[in-house]
Amino acid sequence: MKRKLILPLLLLSSALAACTHGGQDAKNTSVFQHLSITDNGDVIVYARDGGNARISARGELAVAGKPVPVNPAQRQLLQGYHADAVKLQKDGIATGAAGLSTGIHALGAVATGLASGNPDSIDAKVNARADKVDALARVVCKDLAQLYADQSKLSAAVPAFAPYATIEPHDVSECHAD
């Protein structure tokens, strides 16, 4: 059985579906510690110093509540970053939900397998679902890699965004390694 997979999936589910970032945006769903999506769909990106930048779907950028003027090329990069952040959140929540479902299914399979005296049936029942969660997790890692690439282009093109480029290369490599 893919026992090593179930606990991380349950933790991922909790982190993606329930965590929030402090401050005025605390009610927003957080993708991870660097980012959250507001109820109206804006992406909030957090700097290490606690400041935040807001990116709208239209490619508008505000840093510390103040609009940052952008040209059309910069706006396009902001729109791409926004779209990819929303995709990461959507895929992360789907993966977390599938992981939670797999964990619940695994508990049922264990109970049924042990109660029926057929513990060998547990692996087959759980592994098929775990493989689907693995595939979803790979999509999340691909999304994270894309957002990292977006962040690099955006911080080079819009200097005001640079302090908010907090996704590190190891975040991407660790995602793929896990």
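Numbering starts at 1 and runs along the sequence shown.
When side chains are defined from C-beta on, Pro72 does not count as touching Arg75, because their heavy atoms never get closer than 4.5 Å. Counting only heavy atoms from C-beta outward, the side chains of Ile167 and Leu147 approach each other to under 4.5 Å. Considering only heavy atoms from C-beta on, Val68 stays 4.5 Å or farther from Phe161 through its side chain. Within the 4.5 Å cutoff, the side chain of Ile37 has no heavy atoms near those of the Asp42 side chain.
Minimum interatomic distance between Leu154 and Ile55 (heavy atoms only, all atoms of both residues): CD2-CD1, 4.4 Å. Nearest heavy atoms, Ala47 versus Pro163: CB-O, 3.4 Å. Nearest heavy-atom pair, Ala145 versus Val172, reported as atom, atom and distance to 0.1 Å: CB-CG1, 3.7 Å. In terms of heavy atoms, Gly65 sits closest to Pro67 at O-CD, 3.9 Å. In plain terms, the two heavy atoms of Leu78 and Gly59 that are nearest each other are CD1-O, 3.2 Å. Taking each heavy atom of Cys175 and Leu144 in turn, the nearest pair found is CB-CD2, 4.1 Å.
Separating the CG atom in Asn71 from the CD atom in Gln74 is a distance of 3.5 Å, to the nearest 0.5 Å. In this structure, Tyr164 OH and Gln151 CD are separated by 13.0 Å, a value rounded to the nearest 0.5 Å. A distance of 7.0 Å separates OH in Tyr148 from CD in Glu168, rounded to the nearest 0.5 Å. The OG atom of Ser56 lies 7.5 Å from the CD atom of Gln79; values are rounded to the nearest 0.5 Å. To the nearest 0.5 angstrom, Thr166 atom OG1 is 8.0 Å from Leu35 atom CG. Here CG of Leu77 is found 7.5 Å from NZ of Lys153. Values are rounded to the nearest 0.5 Å.
Side-chain atoms of Glu174 never come within 3.5 Å of backbone atoms of Asp171 as a donor-acceptor pair (strictly under, hydrogens ignored).
Taking 4.0 Å as the cut-off between side-chain N and carboxylate O, Lys66 and Glu60 do not count as a salt-bridged pair.
For Gln76, the CD atom counts as loosely surrounded, since its 6.0 Å shell holds 12 or fewer non-hydrogen atoms of other residues, nucleotides or ligands.
In the hydrophobic cluster analysis, where Ile, Leu, Val, Met, Phe, Trp and Tyr join through side-chain heavy atoms closer than 4.5 angstrom, Val86 is grouped apart from Val139.
Partner of Arg54 under the side-chain contact (heavy atoms from CB on, under 4.5 Å) criterion, chosen from Leu61, Val45, Val43, Thr38: Thr38.
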